[in-house]
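This report refers to the structure that appears directly beneath it.
In each ligand, atom 1 is the first atom listed, and ligand 1 is the first ligand listed.
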Amino acid sequence: MQDRVHCADVEPGHTVTVAGWVHEIRDLGGIAFVILRDRTGRIQIKFEKDEQPDALVDTGLGAARESAITVTGAAEKEPRAPTGVEIVPESIDVLAPADPELPLDPSGKVDAELSTRLDNRTLDVRSERGKAIFRIRSALLAGVRDEFREHGCTEITTPKIVATGTEGGTDLFPITYFGREAFMNQSPQLFKQLMVGSSLERVFEIGPIFRAEEHNTPRHLNEATSIDFEGAFLDHHGAMDVCESLLGAAYERVATECADELAILGLADDFSVPDGELQRLGYDEAIERVNATGDLDEPLVWGDDLSTEAERVLGEEIGQHYFIVDWPSEIKPFYIQSYDDDPSLSKGFDLMHPRMELVSGGQREHRHDELIAGFEAQGLDPTAFEYYTEMFRFGMPPHAGWAYGAERLLTTMLGLENIREAVLFPRDRQRLSP
Ligand code: AMO
């Protein structure tokens, strides 16, 4: 099949070999068509029953929908064909027949439940919608990778089996590692910080994070993809600048590379790239504005995290991406630095989409003694983190960083209802396979 031609590249006047799936069979009596689909598009195969050998016609029209086939024949101009070209077959091979009872209809004519789609992802991602989402995901990540490199970052990969948690002790997946207790990593946080202290200075990682959260919501996964950044000699505002530019780059790449996919998702005229500086709203003002709406049953008090409802109310008010800055130190992790002139306030920030949080980040505590004090203030034992804290005795520069949830970025970009649509094989409380 080395000389295979893709559907989009078939030109009239040549004998070609195409390969793909049987998308549709249209039998009009004396004449019949098989529509073959590959990753580039579709092509019409014409059968004239009286003029072609019976065996060829039987093979072509006998292959059930979604069978994988290859066809060799003359490509001819045909204005009535969907692409203006059709193939008159000389030979057909059914490479892999499909069972006629399909668990879902990849042509998209019959809607399937999300759970059926997730159970049959191979067939689901043959549909235009399924394929469009994952082509866009790929473009988004390519855009992000290129932008990181523009910012002088080195791509790193860090262990996913670790000895300690970083994001609070309650949502860790424990595993047994040669008889010792270990965990699936919640975040590359400590490793990326260790690398800004190396001469790499600016690093990024795109990889899995594991959260044993009990939430069963349209925006939580138990295995998510984190887009992590960390940079040396940078404060939290510098990190927010990088965060903003990554957001623009991700949207831009999708807008320029995925026009067809956006059209399939109904977003052709409704896709705008966020540009300019995003609002950096102080936490104090954020809770004031939420409370002023009177929409919450219980008003927020200083020190509260923003509930889902509070995020929704504020998102509706602001109507576009925005940062929340200057969070109370007590609700941010030990590695976030507080303001020296007001230790109750931290240099942590979140980037919000009107529907949900996309990013957490902040300036980090790079001073050894203050870092140890931070562990103790949060009731953590610093000796369990010595591999990390020790490196802060050897010239760890001021640094800052953040992490996007890749699936949340895609979910909000495409207006998907459920985050599970944005990941091929989601892990949630019920779903451990496929
Ligand atoms: P945080 O825990 O806020 O911060 O995670 C960062 C971003 O990751 C995404 N995310 C998730 N997405 C789907 N399902 C989940 N269960 C889930 N948990 C997190 C969100 C979130 O904003 N170490 C810090 C980051 C940093 O400071 O650099 C951290 O992990 O989009």
Side-chain angles (χ1 to χ4, degrees), residues 140 144 148 153 156 158 160 162 164-173 183-196 202-231 234-236 238-240 242-243 246-247 250 305-306 308 311 321-325 327 329 331-337 346-353 355-366 374 388 399-413 416 418-423 426-429 431:
L140 180 160
V144 161
F148 273 129
C153 301
I156 59 169
T158 62
K160 304 305 158 209
V162 294
T164 54
T166 58
E167 311 298 323
T170 52
D171 52 6
L172 281 161
F173 282 115
F183 305 97
M184 301 303 293
N185 206 7
Q186 295 167 303
S187 158
Q189 182 63 38
L190 306 188
F191 297 113
K192 64 178 180 171
Q193 283 189 261
L194 290 177
M195 283 304 103
V196 297
R202 285 185 168 209
V203 295
F204 77 95
E205 175 164 8
I206 301 177
I209 55 169
F210 303 90
R211 307 281 172 110
E213 288 158 352
E214 301 275 322
H215 309 291
N216 193 0
T217 78
R219 55 173 152 170
H220 285 95
L221 294 164
N222 293 108
E223 178 175 350
T225 310
S226 184
I227 302 173
D228 271 88
F229 164 76
E230 201 70 22
L234 207 59
D235 69 6
H236 50 309
M240 280 187 267
V242 179
C243 185
L246 257 283
L247 183 71
D305 208 345
L306 259 59
T308 308
E311 285 180 7
H321 291 91
Y322 62 100
F323 287 102
I324 304 179
V325 300
W327 288 79
S329 300
I331 53 171
K332 285 289 171 190
F334 61 82
Y335 50 78
I336 300 277
Q337 194 172 66
S346 79
K347 298 181 189 174
F349 60 82
D350 285 359
L351 172 67
M352 309 296 296
H353 177 276
R355 281 177 64 193
M356 65 184 87
E357 176 199 307
L358 295 185
V359 172
S360 287
Q363 184 162 348
R364 319 305 188 181
E365 184 50 82
H366 65 284
Y388 167 74
H399 60 281
W402 44 255
Y404 273 93
E407 289 81 14
R408 288 196 180 180
L409 180 56
L410 188 62
T411 298
T412 51
M413 179 185 278
L416 305 176
N418 193 315
I419 195 168
R420 289 163 183 76
E421 268 210 280
V423 58
R427 290 287 169 265
D428 62 26
R429 284 190 60 194
R431 202 164 265 286

Hits for ring-ring contact (aromatic ring centres under 6.0 Å, His included) against His236, two or more places apart or cross-chain, chain-then-number order -> Tyr339
- prompt: Between the main-chain N or O of Leu190 and the side-chain N or O of Lys192, is there a donor-acceptor pair closer than 3.5 Å?
  reply: no
Filtering Lys332, Gln189, Arg211 for the heavy atom nearest atom 30 (O) of ligand 1 leaves Arg211
For Arg219, the atoms of ligand 1 under 4.0 Å from one of its heavy atoms are 13 (C), 14 (N)
Atom 7 (C) of ligand 1 has as its nearest protein heavy atom Ala403 O, 3.6 Å
Looking only at protein heavy atoms, what sits closest to atom 10 (N) of ligand 1 is Ile209 CD1, 4.3 Å
Going by the 4.0 angstrom heavy-atom rule, the piece of Leu358 near ligand 1 is backbone
| said: For Trp402 and Phe148, take the angle between the two ring planes, folded into 0 to 90°, and tell me which bin it lands in: parallel under 30, tilted 30 to 60, perpendicular over 60. | reply: parallel
Short version for Val359: what comes under 4.0 Å of ligand 1, heavy atoms counted, is backbone
So for Glu213 against ligand 1, with non-hydrogen atoms under 4.0 Å, the contacting part is side chain
Atom 29 (C) of ligand 1 has as its nearest protein heavy atom Glu167 OE1, 3.6 Å
Output for pair (Glu214 CD, Asn222 CG), nearest 0.5 Å, gives 8.5 Å
Decide whether the shortest distance between a heavy atom of Ser226 and an atom of ligand 1 is less than 4.0 Å.
no
So, does Gln186 sit close enough to ligand 1 that a heavy atom of it is under 4.0 Å from the ligand?
no
Using non-hydrogen atoms of the residue, decide whether Met356 is closer than 4.0 angstrom to ligand 1. no
A student comparing Ser187, Gly405, Ala406 should find that the heavy atom closest to atom 9 (C) of ligand 1 comes from Gly405
ask   = With no hydrogens and no angle check, is any side-chain donor or acceptor of Arg408 less than 3.5 Å from a backbone partner on Arg219?
value = yes
Residue, atom and distance of the protein heavy atom nearest atom 24 (C) of ligand 1 read Tyr335 OH, 3.3 Å
Atom 15 (C) of ligand 1: closest protein heavy atom, distance to 0.1 Å, is Leu221 O, 3.4 Å
For Thr164, the side chain to side chain contact (heavy atoms under 4.5 Å, CB included) test, sequence neighbours excluded, returns Ala384, Phe385, Tyr387
Would you confirm whether Asp350, through its side chain, and Ser360, through its main-chain N or O, come within 3.5 Å as a donor-acceptor pair? no
Between Asp428 (side chain) and Arg431 (backbone), is there a donor-acceptor pair under 3.5 Å? yes
Stepwise, does the side-chain hydrogen bond (donor to acceptor under 3.5 Å, both in side chains) test hold for Glu407 with Thr225?
CA-CA 7 Å; Glu407 289 81 14; Thr225 310; 2.5 Å; yes
To atom 28 (O) of ligand 1, the nearest of Arg408, His215, Lys192, Glu230 on a heavy-atom basis is Lys192
The closest protein heavy-atom partner of atom 27 (O) of ligand 1 is Arg364 NH1, 3.0 Å
So the atoms of ligand 1 within less than 4.0 Å of a heavy atom of His220 turn out to be 14 (N), 16 (N)
Atom 4 (O) of ligand 1 sits nearest the protein heavy atom Ser360 CB, 3.6 Å
Do Glu357 and ligand 1 have an N or O pair less than 3.5 Å apart?
yes
Rounded to the nearest 0.5 angstrom, the NZ-CZ distance for Lys160 and Phe173 is 15.0 Å
Gly401 backbone acceptor or donor facing Arg364 side chain under 3.5 Å: yes
Here the gap from Asn418 atom CG to Thr411 atom OG1, rounded to the nearest 0.5 Å, amounts to 8.0 Å
